[in-house]
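Okay, structure first, notes after.
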Amino acid sequence: MDYKSSLIQDGNPLENLEKQLICPICLEMFTKPVVILPCQHNLCRKCANDIFQAANPYWTNRSGSMSMSGGRFRCPSCRHEVIMDRHGVYGLQRNLLVENIIDIYKQECSSRPLQKGSHPMCKEHEDEKINIYCLTCEMPTCSMCKVFGAHQACEVAPLQSVFQGQKTELSNCISMLVAGNDRVQTIITQLEDSSRMTKENSHQVKEELSQKFDVLYAILDEKKSELLQRITREQEEKLSFIEALIQQYREQLDKSTKLVETAIQSLDEPGGAIFLLSAKQLIKSIVEASKGCQLGKTEQGFEDMNYFTLDLEHIADTLRAIDFGTDEEEEEFIEEDQEEEETTEGKEEGH
């Protein structure tokens with residue numbers, strides 16, 4: 001508490017000092033004993049105990065036997081959380097400096113004459129101080145108003161008794177509000193924790209889902225590579241067979257072409273004896289060459305690859321049906337698959 005900086009300001013030093021000695025709970029000058037919180041703010045011990053009891057309703061005071069552990073409450077000035085041990089507010093250190101300043105302040109005030117205008121005066125009777133409280137109209141007034149004025153028929157009470165009652169009521173309201181604020185802060189903390197846990201859990205299930213889909217992608221890629229390799233092997237076998245046939249037919253074509261050329265040359269031979277010497281063998285070679293045309297051929301539909309067609313519609317439907325489900329739903333799904341497999345096996349054995 002910075003008293004010096006407040007006292008050197010313009011104005012009455014005592015008034016400035018009094019502002020620094022006001023308890024933020026009861027709004028009155030600190031009542032001894034005064035306790036200092038870890039955040040360096042001060043409270044009347046009674047006020048500190050009131051808000052501590054409001055924030056910890058199951059904690060008993062020094063005369064009880066229930067408290068085996070401490071509690072907590074928030075400073076009404078800065079909202080810093082104050083953690084108490086099993087002694088409660090009685091474990092807080094007293095601020096003897098503030099208590100001494102209060103004693104000095106009260107001595108100084110009592111030694112000074114009452115200044116004019118320090119007490120509010122009645123508007124109807126300017127020379128009368130406001131010294132009673134009208135319970136009927138719920139407003140402070142003066143004795144003259146009760147005897148001769150507008151409050152003759154009203155019920156009144158001493159100003160000090162009403163003053164103390166309303167200050168006590170206001171202090172209780174402040175304690176309730178502070179306790180309510182502590183509960184709200186607790187709820188906010190819980191919600192913040194819930195928000196953090198929601199983010200962490202969402203990140204975790206996203207990672208797990210991504211890993212599961214990565215496994216599916218890997219299985220599909222592996223199966224795709226396997227099937228493509230089978231198609232490639234079949235393609236290579238067929239192409240090798242076709243190329244071998246093409247080579248055989250080319251060789252046969254070359255032989256036939258050369259034989260045709262030889263036969264044409266023989267036809268051009270003018271001498272009959274020379275022609276006859278080679279004609280019989282040439283005719284025999286042509287007949288054999290004609291028989292050699294009966295080489296291997298590809299069957300009809302040899303080039304088709306339709307038997308490698310896949311029907312993946314049912315698998316695509318299964319993939320589209322992928323969704324989040326409970327463990328019970330997954331167990332039921334597994335049991336249904338097992339029943340279907342057993343039924344299929346039974347039918348196959350029957351046949």
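These figures come from a predicted structure and were not determined experimentally.
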Contact between Met139 and His151 at the side-chain level, heavy atoms closer than 4.5 Å - yes or no?
yes
Could you walk me through whether Val260 and Thr257 satisfy the side-chain contact (heavy atoms from CB on, under 4.5 Å) test, starting with their C-alpha distance in whole Å, then the side-chain angles of each, then the deciding distance to 0.1 Å, before giving a yes or no?
CA-CA 5 Å; Val260 169; Thr257 301; 5.8 Å; no
Less than 4.0 Å between a side-chain N and a carboxylate O, is that true for Glu261 and Lys258?
no
Charged N-O contact under 4.0 Å between Glu81 and Arg72
yes
Treating Asp85 as the side-chain partner and His87 as the backbone partner, does any N or O pair qualify as donor plus acceptor under 3.5 Å?
yes
Going by heavy atoms in the side chains, are Leu245 and Thr298 under 4.5 Å from each other?
yes
Quick check: does any side chain N or O of Thr189 sit under 3.5 Å from a backbone N or O of Gln185, one acting as donor and the other as acceptor?
yes
I'd like to know if Glu200 pairs up with Arg196 as an ion pair, taking the criterion as any Lys NZ or Arg NE/NH1/NH2 lying under 4.0 Å from an Asp or Glu carboxylate oxygen.
yes
Would you check if Gln53 and Val89 make a side-chain contact, meaning some heavy-atom pair closer than 4.5 Å?
no
Is the closest side-chain donor-acceptor distance between Glu234 and Tyr307 under 3.5 Å?
yes
Would you call Val82 and Met84 a side-chain contact if the rule is heavy atoms closer than 4.5 Å?
yes
Applying salt bridge (Lys or Arg N to Asp or Glu O under 4.0 Å), run through Arg233 and Glu236 and close with a yes or a no.
CA-CA 5 Å; Arg233 285 195 299 269; Glu236 291 174 351; over 6 Å; no
Between Leu259 and Leu282, does a side-chain contact (heavy atoms from CB on, under 4.5 Å) hold up when you go through it step by step?
CA-CA 8 Å; Leu259 192 58; Leu282 186 60; 3.6 Å; yes
Which word best sums up how the rings of Phe241 and Phe302 line up, parallel for under 30°, tilted for 30 to 60°, or perpendicular for over 60°?
tilted
Side-chain ion pair, Asp317 and Arg320, N-O less than 4.0 Å:
yes
Spell out, as yes or no, whether a donor-acceptor pair under 3.5 Å connects the side chain of Thr136 to the backbone of Glu155.
yes
Ignoring hydrogens and geometry, is there a side-chain-to-backbone donor-acceptor pair from Asn49 to Arg45 under 3.5 Å?
no
Should Lys238 and Glu303 count as an ion pair when the cut-off is N to O under 4.0 Å?
no
Taking the side chain as every heavy atom from C-beta outward, state whether Tyr105 and Ile102 have any atom pair closer than 4.5 Å.
no
With a 4.5 Å heavy-atom cut-off, do Ile36 and Leu97 have their side chains touching?
no
Verdict with supporting geometry, Glu222 and Glu226, side-chain contact (heavy atoms from CB on, under 4.5 Å):
CA-CA 6 Å; Glu222 182 180 357; Glu226 177 188 342; 5.6 Å; no
Could you check whether any side-chain N or O of Tyr133 sits under 3.5 Å from a backbone N or O of Val156, counting only pairs where one atom can act as donor and the other as acceptor?
no
Taking all non-hydrogen atoms of both residues, which atom of Phe30 and which atom of Pro24 are closest, and how far apart?
CE2-CD, 4.4 Å
Could you check if a side-chain atom of Lys199 sits within less than 4.5 angstrom of a side-chain atom of Ser195, using non-hydrogen atoms only?
yes
What do the steps show when you test Lys46 against Asp50 for salt bridge (Lys or Arg N to Asp or Glu O under 4.0 Å), and what is the final call?
CA-CA 6 Å; Lys46 179 182 180 302; Asp50 289 342; 3.2 Å; yes
Side chains of Leu92 and Leu37: closer than 4.5 Å at any heavy-atom pair?
yes
